[in-house]
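The next block holds one structure in the form of structure tokens; read it before the comments.
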Amino acid sequence: MMGAIHAGPAGLDALRQAQERAERGADPAWFHGEDDVTWLTPVPPRSCIAAGRNFGAHRLESIRGNPEAGAGFQIDFPTGFIKLGRNLVGHRAQVERPDDVEQMDYEAEVAVIVGRDLLNATRGQAKQAIFGYTIMNDLSAREWQFAEMRNLLVMMGKNFPGFGPLGPCILTADEVPDPTALRLWLKVNGELRQQSDCTDLIFQFDELVAFWSRVGLEAGDIISSGTPDGVAVHRKPDPRPYFLKPGDIVHAGVDQIGVLETRII
């Protein structure tokens, strides 16, 4: 995949030609069922910047749920945090809930795959540098996250092992004429918990990529959108039944991309 990203449009053409040859040749040895493979992350684990409070409805539910933290929240520019590359896991991964975490939460997100190195890019340059889009489930340990936020930090609560499910595949940017039309949703054990589309984004994908290019981006880096409303921690009147527990199966979907499955153990 990194070879295809670095090759640019020629790499995509080569992939399409390989697909056409495979369909014509149809050698059974070339194909495997989805249940017969171990899914990796769509790109090798690397730098991942996750946007915070970037869906309008989620921003409002966050402020209602935590007025003290929301009082000083501004939207002059994007905010975010780091997801460590080593904590990114693929489709159908099993993620362990840490022993000292009871408020394990889900966050369906659309994630951009950066297609070339960038530094101080304009929005136009950033848009041209987007290779494609995939799905992220930004798993969160809320008791850790909120304790950190009282010290104006977010790190531990977002970065326990496996807390970055990513995949299952990449929808290339040439197949997404209007990224605001991307519709995302999340289910826990078949129950719909989140549903929105990217028209509710405060900062669109090209704005996020351009902004974070100020610190330097490399091909294959990941920038996620933030999540819609409907997270467990802001459920009323009691969020506790909505937090993730061992045995739960989470499906995060983007209609045009697919479904990312994660099992909590």
Side-chain angles (χ1 to χ4, degrees), residues 48-81 83 101-112 133-146 148-149 154 157-158 163-166 178-205 207-208 222-245 248-262 264:
C48 177
I49 301 172
R53 290 177 171 176
N54 193 38
F55 275 80
H58 175 59
R59 175 178 178 268
L60 291 176
E61 75 170 352
S62 299
I63 293 172
R64 287 195 297 265
N66 191 357
E68 182 180 346
F73 181 71
Q74 304 295 319
I75 54 172
D76 300 330
F77 53 84
T79 58
F81 50 88
K83 297 287 273 194
V101 171
E102 294 185 358
Q103 298 178 12
M104 187 176 182
D105 212 341
Y106 50 81
E107 293 190 12
E109 308 199 3
V110 180
V112 164
Y133 303 84
T134 189
I135 305 168
M136 171 173 278
N137 183 0
D138 174 22
L139 296 174
S140 308
R142 297 301 190 189
E143 59 266 75
W144 281 89
Q145 177 189 344
F146 291 154
E148 291 180 294
M149 287 172 66
V154 178
K158 295 288 190 176
F163 269 41
L166 189 74
D178 180 12
T180 65
L182 292 172
R183 176 181 169 273
L184 64 164
W185 51 267
L186 183 138
K187 296 180 180 181
V188 179
N189 302 325
E191 178 188 32
L192 184 65
R193 299 282 184 87
Q194 292 183 283
Q195 184 173 241
S196 186
D197 62 58
C198 290
T199 59
D200 194 38
L201 284 176
I202 296 170
F203 296 100
Q204 281 292 335
F205 297 105
E207 292 178 275
L208 294 174
I222 303 154
I223 299 176
S224 71
S225 62
T227 198
D229 59 326
V231 295
V233 72
H234 297 311
R235 292 276 176 164
K236 305 296 183 184
D238 183 2
R240 287 175 295 180
Y242 295 92
F243 287 124
L244 297 175
K245 304 169 186 64
D248 285 347
I249 302 175
V250 186
H251 291 106
V254 178
D255 286 352
Q256 298 91 323
I257 300 175
V259 180
L260 170 65
E261 179 182 297
T262 307
I264 310 303

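Here, residue 1 is the first one in the sequence, and each next residue gets the next number. Just so it is clear, the values below take in all heavy atoms, side chains as well, and ignore hydrogens, waters and symmetry mates.
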Quick one: are [X] and [Y] in side-chain contact, heavy atoms under 4.5 Å?
X: V110; Y: I135; result: no
X: M149; Y: V154; result: yes
X: I264; Y: K245; result: no
X: L139; Y: L244; result: yes

Inset, instruction - Please identify each residue that fulfils ring-ring contact (aromatic ring centres under 6.0 Å, His included) with F163, with sequence neighbours left out. - result: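 Counting only residues at least two positions away or on another chain, F163 forms a ring-ring contact (aromatic ring centres under 6.0 Å, His included) with F160.
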
Legend entry - Residue pair E107 / T227, side-chain donor-acceptor N/O under 3.5 Å: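 The answer is no; no qualifying pair exists.
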
Legend entry - T180 side chain to Q204 side chain, donor-acceptor N/O pair below 3.5 angstrom: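 Distance-only check fails for T180 and Q204.
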
Inset, instruction - Measure the spacing between CG of D138 and CG of D105 and express it to the nearest 0.5 Å. - result: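 So the CG of D138 and the CG of D105 are separated by 9.0 Å.
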
Inset, instruction - With rounding to the nearest 0.5 Å, note down the distance linking CZ in F55 to SG in C198. - result: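 Those atoms lie 4.5 Å apart.
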
Inset, instruction - Dump the intermediate steps for ring pair (Phe, Tyr, Trp, His ring centres under 6.0 Å) on F205 and Y133, then the final yes or no. - result: CA-CA 10 Å; F205 297 105; Y133 303 84; 5.3 Å; yes

Inset, instruction - Mind telling me whether H234 and F146 have parallel, tilted or perpendicular rings, with 30° and 60° as the class edges? - result: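 Answer is tilted, since the angle falls between 30° and 60°.
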
Inset, instruction - Give a yes or no on whether Q256 atom CD has more than 12 heavy-atom contacts from other residues, nucleotides or ligands under 6.0 Å away. - result: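 For Q256, atom CD is crowded (more than 12 foreign heavy atoms under 6.0 Å).
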
Legend entry - Partners meeting side-chain contact (heavy atoms from CB on, under 4.5 Å) with D197 (sequence neighbours left out):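 D197 satisfies side-chain contact (heavy atoms from CB on, under 4.5 Å) with R183, T199 once adjacent residues are dropped.
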
Legend entry - Ring-ring centroid check F203 F77, cutoff 6.0 Å: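 Not under 6.0 Å, so no.
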
